[in-house]
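Naming convention: chains lettered A, B, ... in sequence-line order (proteins, then strands); numbering from 1 in each chain. The analysis underlying the following values was restricted to heavy atoms, covering all of them including side chains, and did not include hydrogens, waters or symmetry mates.
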Amino acid sequence: MNYIAIYALLTPFIVGAILLVLNKKIKPTIGAYAVAASLVLVTAVDSILLYAYGSYMSIIVNLGKLGSFSLIIDGLNWPIIAGIGLVTAVISVYSYPYMKVRMKEMGKEHEWGIYYFLYAFFSVAMLGIVESNNFILFYIFLEVALIASFLLIAFYGYGNRSRISVIYLIWTHLGGFLFLTGAFIYGLTLGTFNFYPVPVNISLLGPLTSIVVVLVILGLLIKMAVFGVHMWLPYAHAEAPTPVSALLSPAMIGIGGYAIIRILYVMFPSYLVSGQWILLALSLITIIYGGMMALKETDFKRLLAYSSIAQMGYMLMGIATLSPLGILGALMQFFSHAVGKSMLFSSSGVLITENDNLRDIRKMGGLAKSMPYTSTFAMVGFMDISGLPPTFGFFSKLFILIAVGSELVKLGTAGIIVLVFVLIGFGITPAYSFVAMKRIFFGAGSIKGREGSMYMLVPMAIIAFVGIITFMFPGAIMGPINEFFKGAYLGLMM
Amino acid sequence: MVAAALGLTSKKLAPFLSVGSIFVSFVLSLLSAFMSKMPYIVRIPWFSFLGDNVSMGMLFDGLSIVMGTTVALVSFLISVYSYKYMENDWGWTRYWFFFTFFVGSMMMLIYASNLVVMLVGWEGTTLASYALIGHWYTDEPERWVGDSNRKAWNVDMSTSPSHAGIRAMVFTSLADVGFITGIGMLYYASGTISILGILNAMPHILGVLYSRGLLLPFLIAFTLGAFGKSAQFPFHEWLVTAMTGPTSISALIHAATMVNAGVYFLLRFTPIIITAAYVAGMYAPISSFFTYILLIGALTAFMMASMAVSSNELKLILAYSTSSQLGYMFMAIGAAYFAVPTVAIFASMSHLISQAIFKAALFMAAGVLIHEYSSRYIKNMGNAWKNMKYTGIAFLFAALSLSGIPPFSGFWDKDLILDVTLYSGNLIAYALGIAGAFLTAFYIFRAFKLVFINKNENAKEVEEAHPIELYPYLLLGVLSLVFGIFWYFPYGGLSQIIYRLMTYNSIVTWPSFMTASGVTINASLSAISVIVALAGIGLALYLYAKNRELNIRSPFMLGIQKFLYDRWYINAIYYRIFVNGTARISSWMYGHIEWGAFDKFYHALVPRAVTGLGSRLKNYQRGNIGKFISTMIIGGAILLIILIVAIGVISVV
């Protein structure tokens, strides 16, 4: 039983490797289903383990001074696992019709093995990052995911894809480098690289603590693409092939937020308190700035990329409250963003493949009549990111705002200023969402769209269904987080 | 009770499911009024967060039952009406889906026993209104609202359906953020989100927030959602353009769902706040809060009535009217703190009921008229009385009720509202209220005269409405008379029943000095309001005795007319300042900061600097990739410097 999580995690790697070897000999649909099935398997195993054990930890190998390579599944990463598992598995099927068009365009029709190999590695490495309980293991998985996604952009991206993929690679490595530096200071001083259990001798770090915290948080904020270090994101997410964007945008960047919670919030709560103002201000600026850019942007995929930046601001805001309520909101924000944004990127993908690379919003309008399903799913996606019921986004917005409201009371009269900015920031999301909805799908419109195939619509329908069903039964996502806070950490947090 | 949104099944079945479920919820609401034990709470477990359980709870007390019954009745009649009205519409199933969703959300909001459930219903109505206002999303010119080429201060005064939907969404959801943040503050201070829990903890909550200097900001933020939803100034603009939806939806939004939600919210929470303020002995901030509600309500009541005077679109007149009537309800709520609270709260509720009845009748009649004349402008209508007598009767009854003429139901409550406003001692509000009442009578009889009585050569010949359309609004028109008659007689009549239901079956335990044994009417004050209303009607009938349009010549009057017609330039101001301002800021930021600063710095300047450096040292870099790898090194070095500074700053702090 102890190794089951790691076996599960290895399956998609193996499936990916087999697909690479077979390459031209297999049918692409089989590849799609195989990857999807293996990813579903991982998620299912993880959820069973979580259900059975409450919180689960398995040590793969002990490395002495490096600590132990171990996997952990508990309430903190359950929403992340669920979100990534859902999106990667479903988008795997979606990417078949999309990549068929894209590969034909590029004359690379026989690269299905390579594509699905990279896809599987990218997806499962993200799950690995989330489950790892050790700085080094975390970084190894991160590296796998980065390189796989870098290659996906470099091979199949749009625009000046070699330049953009390098921008992506450098930026994310800059983040990774800072993170790793912090990790080394931590690990070499304490003699362990583990996150959990929190080392008893953590006070040994002494004055180095602030260096570790700042290095790690800067590295992760670059990953999250908050305001100031966001510039790489619109490039990478807009020019990546759309299925990859649908993975990069909600899943990959949100991991940065998750890691802030897992590493810094749990291990160094008191150090975050001194920087709380900075985090809160940064999150507000990110939300408003991302929203403003999304209002202005005319390229649909870049618009979604800016919206991702704003959504990361939401997540950061939940974290910045440093209260269990805010953390709950931030983790749920990851899941709801995964659902909403992957659906939105998928609908932009339908526009690209079925309607001659249609990306410019100025050329769109009135598409709802000819593309009823795509527009419905896009609508659900926009509802989700604006936090409207009946989608799960309602809860994440609710809990983040409740946490912020509590924080305002603590701030006293200064809270009024924050309140005004919160109003602007959270008001801007429905504004850009529904303005975009109008410009793309409603209005008079001069062109007639073509609806996507079943391979595209069914995956989107599945995501939409999950988004709505989790609204009705939010306990599926929230329950484990509650359990987590009920456990040993609670005393530490407050 | 919560009518489930089932509509997406089959084309034929959808309306029946919808109408049927709404009817069931009406019957259940009505039956629950006879429950022996009230307040009564039903709890269905839903989820829990951090140890707090949230249930899909329903709270039955006098207030929610009265409100639920009214909403369900009116929605039911509108749903019957729209079965015919929306016939052959291309968005038929979508229409029924959102219609049911709308009513269901509203019922959820009304019977919610905690704030999360209430918020679900609340946001649900926002979503449904967005979808239904933008129902004809293909934006054909005849679906727009406003004159197509009219501009005020260079801002278009016409709005397309999809645009109007966005306006509804943005205005209300902006206000909702305040509401949710308010919930957060409540939760921090009390640790509960259930309405009963808040009721018990309210004195404590007020104390905590007061000690932090946040009481007034909290109250304003918490009720901001209600102002947005009920289209009070400065959020009134969305309701005006919401006229782009099908008329049955306008009736639904204005009479049953959506706008009443804000009033209901205040009716639910102001009693709690008033009694808590009494318990906590906290008067100053609470009193300024209620003065603020009173004045905003009065301002909206007057302002919107004045806009209605000059409007040329039948539905637009009614839309202004709704916002204005909601202003009266807000006035009563604001006055509640200063007058006898239970009476003022009752006045607001009963005006909500009357408004629901007559406004639904007016809108449904207007819908038929618009169909028959194939125009939304009253200049294309006329002499409708000849062929549409029953519609005329319904319209007339509703108009009389709206103007506040006895014995129609609108009379009793508008009068009561003006009474309590006067008792509150705020003469500005009272003066605005009286002036608003005058304008109300004027604008609605101007419309009545022009549409039904005056001859018009341009108008088409018309026929009476189909019975499925006619009976619902005829019934409502007659109801506004019947309710009016039984409102006060015998033995206090309906008003007494509802008053007792609301006061004694309330979750709030009123201190005895805050209640009155019943509702009484001050005869001399009623005389004033009736005279004012009659004067308004008289003026309308006199000015439009023969002519179809007033022949205004003086530039001053023309200026006023333009001012009113362009909605006090508020729309223009919003667009000039907020919409264009935001657009300008965002495009400036997009051009200068995003591309000009960030992109140039990171992706042009830094690489170039590195390239320059590199080529001087060694002819090292090969093409793009080398450039970027050197960037990485230099960028890392720069960041390290920043880091060291940051660490230094933080460790000093």
Side-chain angles (χ1 to χ4, degrees), chain A residues 162-163 166-167 170 173-174 177-178 207 210-211 214-215 218 231 274-275 289 292-293 295-296 324-325 328 366 368-369 383 386 388-390 394 397-399 401-406 408-409 412-413 415-416 419 422-423 426-427 430-431 434-435 438 442-445 474-475 478 482 485-486, chain B residues 47-51 116 119-120 123-124 126-127 130 134 137-139 160 162-163 165-166 169-170 173-174 177-178 180-185 187-189 208-209 212-214 217 221 582-583 585-587 589-590 594 598-599 602-603 624-625 628 631-632 635-636 639 643 646-647 650-651 653:
Chain A
S162 59
R163 174 167 185 261
V166 173
I167 287 181
I170 288 173
H173 272 83
L174 192 61
F177 166 72
L178 294 172
S210 54
I211 299 176
V214 170
L215 283 172
L218 274 179
M231 203 52 220
S274 54
Y289 187 81
M292 288 291 235
M293 292 302 107
L295 268 178
K296 173 70 190 158
L325 208 55
L328 178 73
K369 233 175 170 174
M383 274 159 60
S386 332
L388 285 173
F394 170 79
K397 177 176 139 189
L398 175 71
F399 284 109
L401 274 177
I402 289 182
V404 170
S406 308
L408 290 182
V409 183
T413 33
I416 301 170
L419 177 64
V422 168
L423 277 176
F426 281 72
F434 290 96
V435 167
K438 171 191 154 63
F442 300 148
M478 287 166 73
N482 289 335
F485 278 109
K486 242 185 243 167
Chain B
F47 67 91
S48 64
F49 68 98
L50 307 179
V116 172
L119 192 66
V120 172
E123 302 262 6
T126 303
L127 174 69
Y130 164 78
Y137 57 72
T138 41
D139 291 351
S160 67
S162 56
H163 186 182
I166 296 175
M169 176 64 89
V170 171
S173 57
L174 181 68
V177 179
I180 308 176
T181 321
I183 297 178
M185 292 162 134
Y187 180 76
Y188 175 77
V208 169
L209 291 167
R212 309 260 180 172
L214 280 174
T582 314
I585 292 170
S586 80
S587 68
M589 276 171 36
Y590 188 77
E594 183 72 2
F598 279 125
D599 196 56
Y602 286 134
H603 301 139
N624 241 354
I625 298 204
F628 279 103
T631 318
M632 183 177 140
L639 257 149
L643 264 180
I647 292 166
I650 287 174
S651 39
V653 172

Item to complete: Name the region of A/Leu423, side chain, backbone, both or neither, that has any atom closer than 4.5 Å to a heavy atom of chain B.
Response: both
Fill in: B/Arg212 side chain near B/Met185 side chain, heavy-atom distance below 4.5 Å
no
Worksheet item: Of all of A/Pro430, A/Pro207, A/Ala368, which one pairs up most often with chain B through heavy atoms under 4.5 Å apart?
Response: A/Ala368
Worksheet entry | Residue selection (most heavy-atom pairs with chain A, distance under 4.5 Å) from B/Ala221, B/Gly124, B/Ser173, B/Ser587 | B/Ser587
Worksheet item: In terms of heavy-atom pairs under 4.5 Å with chain A, which of B/Thr181, B/Leu127, B/Val120, B/Ile183 leads?
Response: B/Val120
Worksheet item: For A/Ala403, is it the side chain, the backbone, both or neither that has a heavy atom under 4.5 Å from a heavy atom of chain B?
Response: neither
Fill in: Region of A/Met478 that comes under 4.5 Å of a non-hydrogen atom in chain B
side chain
Discussion item. To the nearest 0.5 Å, what is the distance between CD1 on A/Ile170 and CZ on A/Phe177?
Written reply: 13.5 Å
Worksheet item: Hey, what's the ring geometry for B/Phe47 with A/Phe399, parallel, tilted or perpendicular (30° and 60° as the breaks)?
Response: perpendicular
Response to the item:
Rounding to 0.5 Å, atoms CG (B/Leu119) and CD1 (B/Ile180) come to a distance of 4.5 Å
Practice prompt. List for me each residue that meets side chain to side chain donor-acceptor pair (under 3.5 Å) alongside B/Ser162, sequence neighbours excluded, and say none if there are none.
Written response: A/Lys438, B/Asp139
Worksheet item: Using non-hydrogen atoms only, which part of A/Phe426 is less than 4.5 Å away from chain B: side chain, backbone, both, or neither?
Response: both
Worksheet, complete the sentence: Cut-off 4.5 Å, heavy atoms of chain B, and the answer for A/Leu419 is side chain
Item to complete: Quick one: list whatever passes side chain to side chain donor-acceptor pair (under 3.5 Å) with A/Lys296, sequence neighbours left out.
Response: none
Worksheet item: Given the options B/Ile166, B/Leu174, B/Val170, which has more heavy-atom pairs under 4.5 Å with chain A than any of the others?
Response: B/Ile166
Practice prompt. Locate the shortest heavy-atom distance separating A/Ser406 from B/Gly184; write the atom from each residue and the value.
Written response: OG-O, 3.3 Å
